[in-house]
Enquirer: 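Encoded as structure tokens, here's the structure I'll be asking about.
Residue numbering restarts at 1 for every chain, and letters A, B, ... go by the order of the sequence lines.
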Amino acid sequence: MKYQPQEIEGKWQERWDAAGVFRCPDEVVAPKFYCLEMFPYPSGRIHMGHVRVYTIGDLLARFKRMRGCQVLHPIGWDAFGLPAENAAHRHGTHPAKWTWENIAFMREQLKEMGISYDWDREFATCSPEYYRWEQLFFLWMLRDGLAYRKRATLNWCEECQTVLANEQVNRDGTCFIHDQTPVTQRELDQWFLGITKYAEELLSGHEELRGGWPENILEMQRNWIGRSEGAEIDFPLAGGDGSITVFTTRPDTLFGATFMSMAPEHPLVMRFAGEAGREKEVRAFVDRVAGQDRLIRTSEELEKEGIFTGGYCVNPVTGGKIPIYAANFVLYEYGTGAVMAVPAHDQRDFEFAKKYELPIVVVVQPEGGDGLTADAMACAYEGQGRMVNSGPFDGLQNEDGKREITAHLERKGIGRAKVQYRLRDWGISRQRYWGCPIPVIHCPKCGAVPVPEKDLPVVLPEDLPYTREKGNPLAAADDWVRVPCPSCGGPGRRETDTFDTFFESSWYFLRYIDPRNDRAPLDPEKMRAWMPVDQYVGGVEHACMHLIYARFFHKYLRDRGLAPGNEPFRRLLSQGMVCMATLECPKHGWRYPEEVDEGGNCRQCGEKVLVGRSMKMSKSKRNVVEPSALVERYGADTARLFSLFASPPEKDLDWSEQGVEGAFRFLGRVYRLIAQKGKALRDAGPIAGEQVEAARRIRQVTHRTLKKVTGDIEDRYHFNTAISAIMEMVNFLYLVEDTAWESPETSPALREAVETILLMLSPFAPHVCEELWERIGNDGMVCGKEWPAADEEMARAEEILVVVQVNGKLRSRITADAEATEEEIRAMALADPRVREYTDGKVIRKLVVVPRKLVSIVVS
RNA sequence: GCGAGAGUGGCGGAAUGGCAGACGCGCCGGACUUAGGAUCCGGUGGGCAACCGUGAGGGUUCAAAUCCCUCCUCUCGCACCA
């Protein structure tokens with residue numbers, strides 16, 4: 001009667017597979033439930049983070065299936081990307097081979113976990129059958145003006161030989177893959193997607209998501225989109241030709257603008273310097289700032305520095321001639337790359353003005369006084385107030401002043417209200433081989449020409465000799481690169497950049513609905529039937545990029561009539577990280593547990609190893625547990641159960657070997673209890689109408705537990721408390737006398753109890769439940785059974801416990817009939833001897849009766 | 001600095017205004033046993049007790065881990081965004 005998961009799990013995985021129980025037909029015949037976990041990058045083997053996220057998703061999928069839903073629960077592979085190339089460089093293998101081998105291995109690992117996927121829908125994004133469609137999307141976007149080409153300064157890693165997103169640059173200005181390589185800036189022609197056109201909708205769409213998405217993710221997205229309201233104002237150049245436009249959120253302070261600051265990268269900076277004969281010193285400054293690494297450049301502590309460019313412009317309302325500086329704190333990518341400087345009301349400008357002795361003019365006075373003077377100020381005043389030194393606008397509240405001045409500028413045609421976003425258009429070009437080719441042909445005569453739709457897909461040539469050299473092998477693949485221009489027929493060259501891999505992950509959830517369609521990317525009919533995703537589960541690390549890009553794609557495809565609704569993911573669960581204690585040797589750094597002896601010393605040097613705080617599992621910190629080893633030792637059911645039991649899904653999970661033992665022990669307890677009673681259970685008759693007291697007590701426990709477990713999973717997503725309720729029920733059954741299992745009076749109730757446990761536990765630990773279900777003589781598979789309904793009548797207690805407080809302190813507990821009236825309970829409480837000890841001879845000031853719960857008596 | 005979340009036994013965590021510490025781990029004791037690091041049963045916040053206990057202090061309430069105010073600590077996100 002030993003619980004041996006190794007003998008159980010493979011058998012049931014095969015049976016599920018053979019019966020196709022998790023296959024989801026296209027046609028929706030029951031309430032649909034689309035359950036999706038973020039698909040994995042095939043890095044080689046799954047890690048504990050995968051175990052956790054896929055276990056959570058599977059619990060919900062299995063639960064919803066038993067609740068009568070038709071569940072779509074797919075999986076696939078986010079298969080393009082840099083690590084494949086890096087691995088190829090390191091091991092001399094081809095990225096495609098490496099990727100497909102990893103997929104094969106990880107697929108087996110997921111199957112060993114018993115995750116209930118519809119494997120028929122599986123795909124990898126690196127196959128042309130998938131990526132051909134995103135090439136088509138790109139052509140549509142070109143036509144719709146949503147995709148465009150622009151010269152841009154981008155982060156470049158010499159080691160990767162490619163462009164990096166800002167997020168791929170470490171804080172210290174090094175590459176996120178190569179910690180030692182500094183990232184430099186390069187100017188390149190790049191493809192962009194106009195995501196900013198959807199900025200407002202991406203923000204307002206949060207209304208629809210509120211409640212279904214965690215608030216912190218929405219907050220992160222709000223920051224990311226970074227909406228701010230203000231005005232654009234044109235400052236004429238003092239020379240008389242043209243003007244410089246700035247963006248400001250404080251048009252009310254325009255009269256106080258005493259100089260202008262520009263990003264050092266701004267092309268006008270060197271023009272002004274040239275005209276003023278200041279080229280040398282300005283160039284020196286610009287080069288120095290450009291060479292500074294990101295950490296320094298963007299830290300708030302960095303001293304404000306700048307240099308006079310030699311140029312002047314005119315404050316459009318005061319007519320004053322103001323100098324134009326290049327300043328290290330102005331960002332070229334945001335707004336117009338130039339800002340009007342109002343030192344009295346902006347701290348950065350204030351520090352700058354002090355340093356370079358530029359004039360400070362107060363134009364907003366705090367309420368109740370004219371206290372502020374330029375000379376006496378120690379810092380800028382950024383608060384609200386009344387406008388001064390602002391000509392016709394004097395005396396206005398500055399908030400009104402914002403509107404008035406903006407209106408004034410609009411009338412004169414030299415300014416306009418403007419909403420600015422921090423969100424930038426999405427640069428999608430990567431100088432990489434292992435990605436989806438961008439379907440464009442460059443022609444010396446016609447420029448960048450889209451590949452005609454009929455010529456799609458542009459297949460990534462996988463038969464290239466993949467060399468260990470740096471750079472993009474595509475550029476050297478002459479046969480592939482040289483093609484005639486689709487427009488003029490002359491010699492053309494294929495675009496050798498590939499898409500950012502977020503392109504693939506921006507629509508994969510739609511493709512799962514129609515994964516084998518070879519005539520179109522999606523079938524709008526099926527989309528209507530299956531979208532949106534009812535539950536999406538994934539890590540917080542994708543809060544901004546992936547989730548915003550996916551929302552953007554969905555909105556674009558909606559506008560083209562392909563995707564229904566405004567938002568692709570109705571509910572989002574962002575699971576916490578899997579953490580484990582770290583071990584650190586003072587000499588050798590992070591240690592694996594096996595590198596430390598029993599006495600807590602480093603096996604290499606004998607030094608005492610420090611047990612550090614629990615941190616996210618990572619190979620670099622050597623605090624990882626291998627899922628395969630875990631499954632081999634304890635079985636998938638234990639791994640799953642522990643993942644769900646150790647903490648609620650959205651919180652971090654502290655991995656604990658002993659906790660895993662506990663989960664395993666519990667499953668063993670369930671197994672032994674039910675296997676030992678197998679015969680008695682098989683022989684038990686059906687539940688009869690009349691029941692003895694003992695049977696009623698058993699059924700009460702069953703239905704109470706059922707009610708709690710159902711609510712915990714369905715309404716609260718508190719899987720850990722659902723498990724603990726099942727544990728309590730199992731503990732209860734262990735105390736039931738042997739004779740009761742044999743007795744015809746109680747065995748039907750016990751059989752119901754056992755069946756209910758197996759049904760409730762099956763989404764958590766599906767294999768052992770199937771095995772026991774069969775052992776007690778039931779037909780069919782437990783995963784296909786209906787979730788039982790809790791019988792309220794059965795769950796109700798005849799007697800209830802009421803606690804009695806006197807002056808707020810617990811003094812007694814009384815049992816009362818469940819039907820007892822408030823009056824009766826009050827009388828019982830007052831008559832209780834333990835209560836009377838505290839109330840006798842005192843005056844009762846107040847008495848509160850909470851039905852079925854408590855009596856609170858206040859005496860003096 | 002701004003924003004969000006969190007702080008409860010030796011540990012993971014329960015309790016969302018009504019018995020603080022469910023359940024699990026660990027620990028202690030017992031049973032079975034040649035043996036037990038298997039299994040089963042029992043105990044386990046502190047204090048001899050009155051009582052005291054949910055980061056600290058105040059408040060609301062018959063009643064506060066839970067609501068309000070002030071503060072501390074930690075985690076995450078954003079951070080010169082004009």
Side-chain angles (χ1 to χ4, degrees), chain A residues 1-2 214-224 226-228 230 246-250 253 257 261 297-304 327-331 333-342 345-349 351-352 420-424 540-541 543-544 576-577 579 581 613-615 641-642 645-648 650-663 665-666 668-669 672 708 716 718 720-731 734-735 801-813 845-850 852-859:
Chain A
M1 289 294 172
K2 209 172 156 209
E215 191 50 47
N216 64 325
I217 303 263
L218 295 178
E219 176 68 19
M220 283 160 75
Q221 293 202 350
R222 263 195 300 277
N223 284 335
W224 193 262
R227 183 183 198 274
S228 60
V246 300
F247 171 74
T248 181
T249 54
R250 294 294 303 273
T253 62
S261 308
R297 180 74 196 274
T298 59
S299 89
E300 210 167 342
E301 294 81 54
L302 179 69
E303 189 175 352
K304 314 283 173 271
N328 62 348
F329 62 88
V330 180
L331 305 174
E333 318 82 65
Y334 184 77
T336 63
V339 278
M340 70 179 210
V342 185
H345 304 292
D346 181 283
Q347 186 58 26
R348 294 158 302 182
D349 297 341
E351 288 168 33
F352 198 87
Q420 182 71 43
Y421 298 92
R422 201 187 76 106
L423 182 73
R424 322 249 163 87
V540 68
E541 64 274 17
C544 290
M577 296 180 298
C579 299
R613 61 189 299 167
S614 185
M615 289 196 269
L641 189 75
F642 177 73
F645 180 62
S647 82
E650 69 283 358
K651 293 225 292 186
D652 286 350
L653 183 154
D654 266 320
W655 197 265
S656 135
E657 182 69 26
Q658 285 162 340
V660 174
E661 292 270 0
R665 210 145 49 210
F666 169 69
R669 242 167 106 75
R672 279 187 302 277
K708 164 136 180 82
R716 304 197 320 151
H718 279 201
N720 53 336
T721 53
I723 295 169
S724 74
I726 300 173
M727 286 174 166
E728 282 180 88
M729 182 164 164
V730 171
N731 291 345
Y734 260 89
L735 300 179
L801 186 74
V802 174
V803 298
V804 187
Q805 295 178 346
V806 180
N807 284 352
K809 288 201 168 65
L810 176 72
R811 294 303 182 195
S812 183
R813 297 157 218 263
R845 298 268 151 165
K846 188 159 186 171
L847 205 148
V848 180
V849 179
V850 180
R852 303 173 64 86
K853 272 200 178 133
L854 133 162
V855 178
S856 182
I857 304 165
V858 185
V859 297

Enquirer: To the nearest 0.5 Å, tell me how far Asn731(A) CG sits from Ile726(A) CD1.
Expert: 12.0 Å
Enquirer: RNA chain B in dot-bracket, Watson-Crick or G-U pairs under 3.5 Å, [ ] crossing, | other strand?
Expert: (((((((..(((.....[....)))((((((.......))))))((....))..(((((..]....))))))))))))....
Enquirer: In Å, rounded to the nearest 0.5 Å, how long is the span from CG of Asn216(A) to CD of Gln221(A)?
Expert: 10.5 Å
Enquirer: Quick check on RNA chain B: between Ser647(A) and Leu854(A), whose nearest nucleotide comes earlier from the 5' end?
Expert: Ser647(A)
Enquirer: Starting at CG of Leu847(A) and ending at P of A63(B), how long is that distance when rounded to a whole Å?
Expert: 14 Å
Enquirer: Determine the interatomic distance between C1' on A50(B) and the same-named atom on A56(B); round to the nearest Å.
Expert: 26 Å
Enquirer: Given the C1' atoms of G55(B) and A65(B), what is the spacing between them in whole Å?
Expert: 12 Å
Enquirer: Does Lys708(A) pair with Glu728(A) as a salt bridge, N-O distance under 4.0 Å?
Expert: no
Enquirer: For a quick check of understanding: with a heavy-atom distance under 4.0 Å over all strands, which category does Asn731(A) fall into, base, sugar-phosphate or nothing?
Expert: sugar-phosphate
Enquirer: Identify whether any heavy atom of Arg811(A) sits under 4.0 Å from a base atom; if not, whether one sits that close to sugar-phosphate; answer base, sugar-phosphate or nothing.
Expert: sugar-phosphate
Enquirer: Which of the following nucleotides, C62(B), C40(B), A82(B), is nearest to the side chain of Arg348(A)?
Expert: A82(B)
Enquirer: Any side-chain heavy-atom pair from Arg811(A) and Gln805(A) closer than 4.5 angstrom?
Expert: no
Enquirer: Which part of the nucleic acid, if any, lies within reach of Phe666(A) when heavy atoms closer than 4.0 Å are counted: base, sugar-phosphate only, or nothing?
Expert: nothing
Enquirer: Say we look at G46(B) and G53(B): how far apart would their P atoms be, to the nearest angstrom?
Expert: 16 Å
Enquirer: Tell me the interatomic distance from His718(A), atom NE2, to A14(B), atom P, rounded to whole angstroms.
Expert: 7 Å
Enquirer: Is the base of G9(B) syn or anti, where syn means the angle lies within 90° of 0?
Expert: syn
Enquirer: Just checking Leu801(A): base, sugar-phosphate only, or nothing, at a heavy-atom cut-off of under 4.0 Å?
Expert: base
Enquirer: What's the closest nucleotide to the side chain of Lys304(A) if the choices are A82(B), C80(B), A15(B)?
Expert: C80(B)
Enquirer: Side chain of Asn328(A): nearest nucleotide among G12(B), C80(B), A38(B)?
Expert: C80(B)
Enquirer: Please determine whether a side-chain nitrogen or oxygen atom of Tyr421(A) lies at a distance below 4.0 Å from atom OP1 or OP2 of C81(B).
Expert: no
Enquirer: If I take atom CG in residue Asn223(A) and atom P in nucleotide C2(B), what distance separates them, rounded to the nearest angstrom?
Expert: 14 Å
Enquirer: Let's see if you can work this out: which of G12(B), G77(B), C40(B) has an atom nearest to the side-chain heavy atoms of Asp654(A)?
Expert: G12(B)
Enquirer: Verify the contact: side-chain N or O of Arg227(A) to OP1 or OP2 of C81(B), cut-off strictly under 4.0 Å; return yes or no.
Expert: no
Enquirer: When all nucleic acid strands are considered with a 4.0 Å heavy-atom cut-off, which category describes Arg852(A): base, sugar-phosphate, or nothing?
Expert: nothing
Enquirer: Can you check the distance between G1(B) and U66(B), where both ends of the measurement are the P atom (answer in whole Å)?
Expert: 26 Å
Enquirer: Mark yes or no: Arg669(A) above the aromatic ring of Tyr734(A), with NZ or CZ under 6.0 Å from the six-membered ring centre and no more than 45 degrees from the axis.
Expert: yes
Enquirer: So Val850(A), base contact, sugar-phosphate only, or nothing? Heavy-atom distance under 4.0 Å.
Expert: base
Enquirer: When you measure from the side chain of Leu331(A), which nucleotide among C23(B), C62(B), A82(B) comes out closest?
Expert: A82(B)
Enquirer: Would you mind classifying the nucleic acid contact of Asn807(A) as base, sugar-phosphate or nothing, using non-hydrogen atoms under 4.0 angstrom?
Expert: nothing
Enquirer: Can you tell which of A82(B), C78(B), G26(B) lies closest to the side chain of Val330(A)?
Expert: A82(B)
Enquirer: Give a yes/no on whether any side-chain N or O of Arg716(A) is located under 4.0 angstrom from OP1 or OP2 of A15(B).
Expert: yes
Enquirer: Compare all side-chain heavy atoms of Ser228(A) with those of Tyr421(A) and state whether any distance is below 4.5 angstrom.
Expert: no
Enquirer: Looking only at atom P, what distance separates G5(B) and C80(B), rounded to whole Å?
Expert: 24 Å
Enquirer: Provide the distance between the two C1' atoms, one in A63(B) and one in G17(B), to the nearest whole Å.
Expert: 8 Å
Enquirer: Which part of the nucleic acid, if any, lies within contact of Gly662(A), taking any heavy atom under 4.0 Å across all strands shown: a base, the sugar-phosphate backbone alone, or nothing?
Expert: sugar-phosphate
Enquirer: If you measure from the P atom in A35(B) to the same atom in G21(B), how many Å do you get, rounded?
Expert: 39 Å
Enquirer: With heavy atoms under 4.0 Å as the rule, sort Ser261(A) into base, sugar-phosphate or nothing.
Expert: nothing
Enquirer: Using a 4.0 Å heavy-atom cut-off, does Arg672(A) contact any base of the nucleic acid, only the sugar-phosphate backbone, or nothing at all?
Expert: sugar-phosphate
Enquirer: Need to verify one output field. Residue with the more 5' nearest nucleotide on RNA chain B, Ala725(A) or Lys2(A)?
Expert: Ala725(A)
Enquirer: Once you apply a heavy-atom cut-off of 4.0 Å, does Lys708(A) come out as touching a base, just sugar-phosphate, or nothing?
Expert: nothing
Enquirer: Does OP1 or OP2 of A79(B) have a side-chain N or O of Arg422(A) closer than 4.0 Å?
Expert: yes
Enquirer: So Asp346(A), base contact, sugar-phosphate only, or nothing? Heavy-atom distance under 4.0 Å.
Expert: nothing
Enquirer: Aromatic ring centroids of Phe352(A) and Phe329(A) under 6.0 Å?
Expert: yes
Enquirer: Considering only side-chain heavy atoms of Glu219(A), which listed nucleotide, G18(B), A4(B), A82(B), is closest?
Expert: A4(B)
Enquirer: Looking at side-chain heavy atoms only, is the closest gap between Leu854(A) and Val804(A) below 4.5 Å?
Expert: no
Enquirer: To the nearest angstrom, how far is Glu215(A) atom CD from G77(B) atom C1'?
Expert: 13 Å
Enquirer: Between atom NZ in Lys651(A) and atom C1' in G12(B), what is the gap in whole Å?
Expert: 9 Å
Enquirer: Rounding to the closest angstrom, what is the interatomic distance between G45(B) and A15(B) at atom C1'?
Expert: 16 Å
Enquirer: Which nucleotide, A82(B), C25(B), G18(B), lies nearest any side-chain atom of Ser856(A)?
Expert: G18(B)
Enquirer: So what does Ser656(A) touch, heavy atoms closer than 4.0 Å: a base, only the sugar-phosphate, or nothing?
Expert: nothing
Enquirer: Where the side chain of Met727(A) is concerned, which of G13(B), G24(B), A15(B) is the nearest nucleotide?
Expert: G24(B)
Enquirer: Would you say Tyr734(A) places a side-chain N or O within less than 4.0 Å of OP1 or OP2 belonging to C40(B)?
Expert: yes
Enquirer: Do you know which two heavy atoms are closest between His345(A) and Arg250(A), and how far apart they sit?
Expert: O-NH1, 4.2 Å
Enquirer: A quick test of your reading: do over 12 heavy atoms of other residues, nucleotides or ligands sit less than 6.0 Å from CZ of Arg222(A)?
Expert: yes
Enquirer: State which of A4(B), A82(B), C25(B) makes the closest approach to the side chain of Arg665(A).
Expert: C25(B)
